There are 2 protein chains.
Amino acid sequence: MDIRTLCLGILTMGDATGYEIKKTFEERLDLIFQASYGSIYPALNKLTEEGLVSCRAQSQEKRPDKKIYSITSAGRYLFFDEIMKKPAADRFRSEYLATLMFAHLLPAAAISELIDERIADRLQKIESLMSDCDTRQTDREQFLCNYGRTMYQAEIEYLQENRHLLEADALLGSRAAE
Amino acid sequence: MDIRTLCLGILTMGDATGYEIKKTFEERLDLIFQASYGSIYPALNKLTEEGLVSCRAQSQEKRPDKKIYSITSAGRYLFFDEIMKKPAADRFRSEYLATLMFAHLLPAAAISELIDERIADRLQKIESLMSDCDTRQTDREQFLCNYGRTMYQAEIEYLQENRHLLEADALLGSRAAE
DNA sequence: AATCACATGTAAGGCGTTACATGATTGG
DNA sequence: CCAATCATGTAACGCCTTACATGTGATT
């Protein structure tokens with residue numbers, strides 16, 4: 001599933017402009033999928049060419065014309081086929097965790113700071129999900145929102161309980177002074 | 001941090017060939033970073049040009065020469081600078097969760113199957129991490145290994161407790177028959 | 001007879017981001 | 001007055017994967 005396909009999916013929920021689709025990515029899908037204008041606008045043009053979406057222009061005063069996209073029935077069928085396929089594996093890459101794999105090369109203070117900042121970041125993400133969660137309409141969206149909260153919470157607890165494993169190494173130097 | 005930099009990091013742990021570096025990615029870093037030969041070999045060539053690693057060839061009978069790479073002191077300094085930088089945000093993309101956001105378009109059986117398979121997959125990943133974990137040498141590697149187990153476990157529990165939110169929608173059709 | 005492990009590489013292409021280009025309106 | 005929101009797009013480039021190319025030896 002690429003960004004093009006997900007644009008199609010978003011249009012199953014109702015007509016939208018490219019700008020609005022971008023906002024949907026940011027506000028409702030950010031946990032699991034990111035997309036920039038540089039992907040979205042070309043995707044919509046291609047989908048239009050292929051007859052998977054249709055486009056009507058709404059002229060506005062003193063603004064560029066708004067292009068409102070609607071999914072066609074061909075588009076609906078294609079999207080259905082896509083989601084019936086076995087989804088590809090998640091892609092995850094963490095520079096943060098990669099850095100921790102070399103914690104023994106870092107000063108003790110740097111390790112502690114990395115972990116403190118991570119916990120703070122996760123707490124903040126949980127908070128912003130909490131306020132979002134209430135405003136989410138569907139069960140599916142609540143499911144995703146709470147999924148995020150659960151994962152972040154599990155990470156925080158893991159870091160708190162296991163940070164000593166990383167910090168111990170770095171302390172050896174100072175312990176030698178005892 | 002790109003693959004090139006992580007190759008440098010792997011070489012701080014000891015000399016290695018491109019082939020061995022690939023194995024390190026697969027066996028010890030797969031949870032957080034993936035890399036193919038198509039990235040690794042060109043990366044090593046570039047690092048050599050730049051004087052960040054050195055390379056000696058070991059000729060073998062009936063096999064291509066083995067090229068054993070060692071990190072230079074310039075390489076060590078550069079890598080240290082890299083890990084002292086604030087790591088970029090994690091990148092996560094899940095087709096699986098994106099599919100679940102459109103669960104209302106899927107037949108009930110398909111949703112249940114998706115969730116069952118995910119749980120099975122996560123269980124299997126936990127098991128393979130369990131056996132790995134014991135053989136891991138450093139505290140850091142155990143930290144990562146247990147991080148993975150914890151996250152997968154949290155996901156399983158979340159799915160078991162909340163799957164009804166997704167399955168309920170799909171059941172409405174059959175419930176109407178009552 | 002086939003597949004896996006060892007061993008190195010290249011080329012083409014996919015997929016996506018960032019930065020640029022443009023410009024009005026609204027709210028602080 | 002400055003930033004954010006609305007609104008659309010392109011071009012250049014980065015980063016990485018996949019598939020191809022080649023070949024031996026051991027295991028199943």
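Only a predicted model underlies this, so the values are computations on that prediction, with no experimental measurement involved. Numbered from 1 within each chain, the chains take letters A, B, ... in sequence-line order.
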Between B:E157 and B:A154, is there a donor-acceptor pair closer than 3.5 Å when you use the side chain of the first and the backbone of the second? no
For the pair A:T72 (side chain) and A:G51 (backbone), establish whether a donor and an acceptor sit closer than 3.5 Å, ignoring hydrogens and angles. yes
If you check every side-chain atom of B:T17, which of C:dT8, C:dT10, C:dG9 has the closest atom? C:dT8
Working for side chain to side chain donor-acceptor pair (under 3.5 Å), residues A:D2 and A:T5: CA-CA 5 Å; A:D2 51 16; A:T5 308; 2.7 Å; yes
Please state how far atom NZ in B:K46 lies from atom P in D:dC16, giving the value in whole angstrom units. 11 Å
Check every strand shown and say whether B:K23 touches a base, only sugar-phosphate, or nothing at a heavy-atom separation below 4.0 Å. sugar-phosphate
Specify the residue among B:G18 and A:M1 whose closest nucleotide of DNA chain C lies further upstream toward the 5′ end. B:G18
Among residues 81-100 of chain A, which ones have heavy-atom contacts with DNA chain C below 4.0 Å? none
Roughly how many Å is it from CZ in A:F25 to C1' in C:dG16, rounded to a whole number? 12 Å
Can you check the B:Q58 CD to C:dA7 P distance for me, whole Å? 9 Å
Just how far, in rounded Å, is P of C:dT8 from NZ of B:K66? 8 Å
Salt bridge check: are A:R163 and A:D116 linked by an N-O gap of less than 4.0 Å? yes
Nucleotide D:dT22, atom P - distance to OH of B:Y37 in whole Å: 19 Å
Selection: residues 2-14 of chain B, any non-hydrogen atom under 4.0 Å of DNA chain C: none
How long is the line joining CD of A:Q34 and P of C:dT18, in whole Å? 10 Å
Anything under 30° is parallel, anything over 60° is perpendicular, the rest tilted; go ahead and classify B:Y158 against A:F143. tilted
A:K67 NZ - D:dT8 P separation (whole Å): 8 Å
Between B:F92 and A:F92, what is the ring plane arrangement, given parallel below 30°, perpendicular above 60°, and tilted in between? perpendicular
Does A:S39 make a side-chain N or O approach to OP1 or OP2 of C:dT17 shorter than 4.0 Å? yes
Measuring from the side chain of B:N45 (C-beta onward, heavy atoms only), which nucleotide among D:dT5, C:dT8, C:dT10 has the closest atom? C:dT10
Please table the atom pairs, donor to acceptor, closer than 3.5 Å between any side-chain atom in residues 80-88 of chain A and protein atoms at least two apart or in another chain.
| unit_1 | atom_1 | unit_2 | atom_2 | d |
| --- | --- | --- | --- | --- |
| A:E82 | OE2 | A:K85 | NZ | 3.1 |

Quick one: B:Y41 OH to D:dT22 C1', roughly how many Å, whole number? 13 Å
Within the structure shown, what part of the strands sits under 4.0 Å from B:G38 by heavy-atom distance: base, sugar-phosphate, or nothing? base
I'd like to know if the side chain of B:S112 reaches the main chain of B:A109, judged simply by a donor and an acceptor atom lying under 3.5 Å from each other, with no hydrogens or angles considered. no
Side chain of B:Y19 only, please: which of C:dT8, D:dG9, D:dT10 is the nearest? C:dT8
Lys/Arg-Asp/Glu bridge criterion (N-O < 4.0 Å) met for B:E155, B:K125: no
Got a salt bridge between A:R122 and B:D90, using NZ or NE/NH1/NH2 to carboxylate O under 4.0 Å? yes
